[in-house]
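Given the structure is predicted, the values throughout are model-derived calculations rather than measurements. Just so we're on the same page: letters track the sequence lines, and every chain starts at 1.
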Amino acid sequence: MISLFLELKAQAASILKDAIMKAGFEIEDSELHFETSPHADLASRAAFKLAGLYKQNPKELASRIVSEIEIPEGSYVGEVAAVGPYINFRAGRSYLDRTVAAVREEQEKFGCGAPKDKILLEHTSANPNGPLHVGHIRNSILGDTLARILKRAGYDVEVQYYVNDMGRQIAVVSWACERFELDLSKKSDSAIADVYIKANVELEKNPEYVKEIDALMEKVEAGDVKTIESFDEAVSLAVAGIKETLLRMNVVHDEFVKESLFLKSGAVHDIVERIKATGRTKIDKGALVVDLADYGFEKTLVIQRSNGTSLYTTRDLAYHEWKATQADRVIDVFGADHKLISGQLRATLNAIGLKEPEVVIFEFVSLPEGSMSTRRGQFISADELFDRVTAAALDQVETRRPETSAEFKKEVSEMVGMGAVRYDIVRVSPEKSTVFNWKEALDFEKQGAPYIQYSHARACSILEKAREEAAWDPAAAVSPSLLVEDSEIDLIKKMAMFDSIIDFCAQELKPHVLAIYARELADSFNQFYRFVPVLVAEDPQVRAARLALVDCARIVLANALDTLGIGAPESM
RNA sequence: GGGCUCGUGGCUUAGCCAGGAUAUAGCGCUGGGCUUCUAACCCAGACGUCGGGGGUUCAAAUCCCUUCGAGCCCGCCA
């Protein structure tokens with residue numbers, strides 16, 4: 001079904017356009033300039049535009065246009081008024097009633113769009129040389145939330161993690177596993193990081209070891225079975241740990257695709273030949289480089305080392321070629337350090353006539369002492385963050401709900417803690433760089449995930465009580481028109497926005513907008529909760545309508561939380 | 001040195017691409033509210049040269065120029 005809010009906007013546009021024509025002016029649809037505003041459900045600045053075109057006073061134009069307004073029977077538009085140069089539209093009763101009905105009908109499907117194209121989304125793809133750290137999870141959370149938004153918007157989304165199983169860093173890991181003992185009493189990715197860090201210290205001290213690393217890489221590229229096996233072993237250990245961390249975050253990948261696949265299949269060789277065929281390549285100090293000057297890149301892109309081996313970039317080109325055949329759209333979530341290389345990757349793909357990925361870039365998360373680095377052992381692991389956050393959440397549950405079972409406390413603290421982490425990261429727009437701070441990460445006394453979850457739990461609690469009193473049937477017919485309090489109307493209007501928010505986020509690839517919406521929705525519900533009694537409402541019809549509204553709020557809050565990948569506890 | 005991104009009350013942050021109504025919200029601060037459906041809540045208040053300077057425009061946080069500050073990139077690493 002079509003989005004309620006977008007339908008309201010479409011109806012407002014048509015009404016406004018008719019009135020403008022009747023007033024004797026002409027205007028393009030794109031010049032109606034609708035916006036949401038605190039003064040109206042929809043406000044048009046069209047009078048400003050016409051004032052410029054017809055050299056007249058915008059205030060007078062607005063009131064003249066409004067005097068020509070005719071609202072058709074059954075329209076979602078309730079009233080239109082000129083306030084200064086603005087033309088303000090207010091949604092009518094049918095819009096509110098229709099919203100309540102739609103949420104009750106569609107339940108967990110509310111906000112879902114019509115089926116759309118296939119999208120292949122890649123995110124996280126951290127090197128398997130250690131555990132995920134707090135920088136990586138910005139990628140995971142952004143990517144996973146995006147995937148959830150796109151799915152709800154109607155896209156057929158497949159999510160992939162691209163596993164570097166043959167780069168230089170993995171050669172170092174493999175070399176490290178031979179040289180140092182793995183402490184397998186630890187989580188496997190953390191054990192890998194330990195030896196990887198040691199190996200890097202060793203390599204710094206004795207640069208001649210670099211030759212051993214080079215030799216390993218050449219062997220892998222040549223298909224040496226034993227070396228490949230030892231790489232695989234190390235990679236599997238790291239990936240197993242990474243998967244555990246992702247699972248705890250509620251981040252889902254459909255497929256883990258290994259880089260080496262594209263070398264084995266010959267795809268890397270083939271794509272190098274095709275790039276050569278464009279005449280853009282040349283040999284620079286023995287290495288094969290691509291000239292992308294006409295795409296605005298000063299520096300050439302190296303796609304083959306002087307010893308003939310491939311690079312990450314080369315294999316990534318082959319991976320992207322394959323992805324292009326798998327889906328209508330390809331989306332990559334990368335850190336800011338990939339800005340240049342992803343631009344060069346896109347240019348190269350374009351040069352050989354392949355579909356380019358849409359790249360979502362997020363800026364860095366650093367520590368007060370500087371940027372994070374697995375190699376130098378300077379990072380805070382995601383696991384440590386999760387442990388400390390859920391422990392802090394458990395403290396809260398223990399003081400707030402001492403009477404509950406240990407199992408309940410554990411479950412709720414996991415939901416609240418992980419929700420807090422996800423929300424904290426997704427609420428900030430990706431182009432903002434951030435500095436990680438423990439005090440802030442462990443602080444629940446702010447309008448974050450727990451606030452939204454709490455609103456959901458409150459709604460559930462009311463419904464549970466109503467059920468206990470055997471006085472509520474969720475499917476019973478009600479009259480939404482009885483919902484006339486300001487806070488009721490605000491809440492309904494906020495719920496009606498959900499599908500257009502999903503739509504916007506999917507179009508702009510901006511998950512933080514949904515995070516903000518979810519908080520505003522919780523705000524609206526909490527205000528309703530504070531000012532409007534539900535269970536003790538005197539009129540049974542009003543009580544039934546309000547229970548239906550609480551149920552609607554529960555549904556939309558749950559849908560919003562689900563799209564953010566955050567658990568929705570029924571009690572907390 | 002060159003490129004990209006960011007700079008909004010003490011702190012965090014929305015709005016900027018598609019310029020317009022008193023600049024968004026949270027934390028913190030001040031004051032108030034649980035005999036009423038979970039107070040992880042609600043209400044009220046104080047706090048702002050939208051980094052600085054110039055320009056375009058009837059109108060600039062938003063567009064253009066310039067300058068300062070921070071982050072990232074400019075590897076035969078990924």
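Salt-bridge check for A:Glu363 with A:Lys432: failed, with every basic side-chain N at 4.0 Å or more from each acidic carboxylate O. The existence of a salt bridge linking A:Glu469 and A:Arg467 is excluded, since no basic side-chain nitrogen approaches an acidic carboxylate oxygen closer than 4.0 Å. In this structure, A:Asp551 pairs ionically with A:Arg554, as a charged nitrogen and a carboxylate oxygen lie closer than 4.0 Å.
A:Ser455 has no side-chain polar atom (N or O) that falls below the 4.0 Å cut-off from OP1 or OP2 of B:C41. Listed pair A:Ser30 / B:A18 fails the phosphate criterion, with no side-chain N or O lying under 4.0 Å from OP1 or OP2. For the OP1/OP2 pair of B:A40 and a distance below 4.0 Å, the side-chain nitrogens and oxygens of A:Arg401 include no atom meeting the criterion. Side-chain nitrogen and oxygen atoms of A:Arg315 include at least one within less than 4.0 Å of the OP1 or OP2 phosphate oxygen of B:A78. At B:U13, none of the side-chain N or O atoms of A:Tyr423 fall inside 4.0 Å of OP1 or OP2 (strictly under the cut-off).
A cation-pi arrangement is present between A:Arg458 and A:Tyr529 under the rule of less than 6.0 angstrom and at most 45 degrees off the ring axis.
Proximity of residues 506-522 of chain A to RNA chain B (heavy atom under 4.0 angstrom from any strand atom) is restricted to A:His512, A:Ile516, A:Arg519. Shown for residues 128-140 of chain A: no residue has heavy atoms falling under 4.0 angstrom of RNA chain B.
Within the nucleic acid shown, A:Ala336 comes within 4.0 Å of sugar-phosphate atoms alone, with no base atom in reach, counting heavy atoms only. Heavy atoms of A:Ala51 sit nowhere under 4.0 angstrom from any nucleic acid atom. No engagement by A:Arg375 is indicated, since no non-hydrogen atom pair under 4.0 Å with the nucleic acid exists. At a threshold of 4.0 angstrom between heavy atoms, the contacts of A:Val416 include nucleobase atoms, whether or not backbone atoms are also involved. A:Gln447 comes within 4.0 angstrom of sugar-phosphate atoms only, judged by non-hydrogen atoms across all strands, and of no base. A:Ser37 comes within 4.0 angstrom of a base, heavy atoms only. Within 4.0 Å (heavy atoms only), A:Lys299 reaches sugar-phosphate atoms of the nucleic acid but no base atom. Backbone-only contact: A:Arg530 has heavy atoms under 4.0 Å from sugar-phosphate atoms and none from a base. Counting non-hydrogen atoms under 4.0 angstrom, A:Val532 reaches a base of the nucleic acid. In this structure, A:Gln527 reaches the sugar-phosphate backbone alone: every heavy-atom distance under 4.0 Å involves primed, P, OP1 or OP2 atoms, never a base. Residue-level contact check: A:Val302 touches the backbone only, with heavy atoms under 4.0 Å from sugar-phosphate atoms and none from bases. Residue A:Arg168 is in sugar-phosphate contact alone, with no base atom involved, counting any heavy-atom pair closer than 4.0 Å across all strands shown. Heavy atoms of A:Ser571 sit under 4.0 angstrom from at least one base atom.
Spacing of P atoms, B:A14 relative to B:C63, comes out at 15 Å, to the nearest Å. As rounded to the nearest Å, B:U30 and B:A46 have P atoms that lie 16 Å from one another. B:A61 and B:G20 have their P atoms separated by 9 Å, with the value rounded to a whole Å. Rounded to a whole angstrom, the distance from the P atom of B:G9 to that of B:C50 is 9 Å. A gap of 8 Å separates the P atoms of B:G51 and B:U62, to the nearest Å. Taking the C1' atom of each, B:U5 and B:G10 are spaced 26 Å apart, rounded to whole Å. Spacing of C1' atoms, B:G32 relative to B:C72, comes out at 47 Å, to the nearest Å. Going from the C1' atom of B:C65 to that of B:U56 covers 10 Å, rounded to whole Å.
Of the candidate nucleotides B:A14, B:A40, B:C4, B:A40 has the atom nearest to the side chain of A:Val412. Listed candidates were B:C37, B:A39, B:U12. Nearest to the side chain of A:Arg458 is B:A39. Here B:C4 is the nucleotide among B:G20, B:C4, B:C42 with the atom lying nearest to any side-chain atom of A:Lys339. Of the candidate nucleotides B:C72, B:C77, B:G71, B:C72 has the atom nearest to the side chain of A:Ser371.
The distance between the ring centers of A:Tyr86 and A:Phe48 falls below 6.0 angstrom.
For the side chain to side chain contact (heavy atoms under 4.5 Å, CB included) test, residues two or more places apart in sequence or in another chain that qualify with A:Arg280 are A:Thr278, A:Val290, A:Leu292, A:Asp294, A:Tyr295, A:Ala351.
Aromatic ring orientation, A:Tyr312 versus A:His338: perpendicular (interplanar angle above 60°, classes split at 30° and 60°).
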* Take A:Asp291 and A:Lys282 through the salt bridge (charged side-chain N to carboxylate O under 4.0 Å, His left out) test and state the conclusion after the steps. => CA-CA 8 Å; A:Asp291 184 352; A:Lys282 61 178 183 195; 5.5 Å; no
* To do: Applying side-chain hydrogen bond (donor to acceptor under 3.5 Å, both in side chains), run through A:Glu221 and A:Ser310 and close with a yes or a no.
  => CA-CA 8 Å; A:Glu221 188 108 2; A:Ser310 63; 3.1 Å; yes
* To do: Run the numbers on A:Asn526 and A:Ser455 for side-chain hydrogen bond (donor to acceptor under 3.5 Å, both in side chains), then give the verdict.
  => CA-CA 7 Å; A:Asn526 280 325; A:Ser455 309; 3.3 Å; yes
* For A:Phe34 and A:Phe89, run ring pair (Phe, Tyr, Trp, His ring centres under 6.0 Å): C-alpha distance rounded to whole Å, both residues' side-chain angles, the deciding distance at 0.1 Å, then the answer. => CA-CA 10 Å; A:Phe34 278 112; A:Phe89 290 73; 5.6 Å; yes
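Look at CG on A:Leu32: it is 16 Å from P on B:G20, rounded to the nearest Å. Straight-line distance from the CG atom of A:Asn164 to the P atom of B:C77: 13 Å, rounded to whole Å. The separation between A:Leu311 atom CG and B:G75 atom P is 13 Å, rounded to whole Å. Atom-to-atom, CZ of A:Phe379 to P of B:A78 comes out at 20 Å; the value is rounded to the nearest Å. Rounded to whole Å, the distance from NZ on A:Lys494 to C1' on B:U24 is 11 Å. Separating the NZ atom of A:Lys432 from the C1' atom of B:C6 is a distance of 7 Å, rounded to the nearest angstrom. A:Tyr295 has its OH atom 21 Å from the C1' atom of B:C74, to the nearest Å. We find that CG of A:Leu292 is positioned 15 Å from C1' of B:G3, with the value rounded to whole Å.
A side-chain contact (heavy atoms from CB on, under 4.5 Å) with A:Tyr319 is found for exactly one of A:Val257, A:Val268, A:Thr314, A:Leu345, namely A:Val257.
Taking a centre distance below 5.5 Å and an interplanar angle below 30 degrees as the stacking criterion, A:Phe444 does not stack against the six-membered base ring of B:A40. Stacking between A:Tyr86 and B:A21 is present: the aromatic ring centre lies within less than 5.5 angstrom of the base six-membered ring centre, and the two planes differ by under 30 degrees.
Between the side chains of A:Asp332 and A:His320, at least one donor N or O lies within less than 3.5 Å of an accepting N or O.
A donor-acceptor pair is defined here as one N or O able to donate and one able to accept, closer than 3.5 Å; no such pair exists between the side chain of A:Arg45 and the backbone of A:His33.
Applying the 3.5 Å distance criterion, the base of B:A21 shares a donor-acceptor pair with the side chain of A:Asn88.
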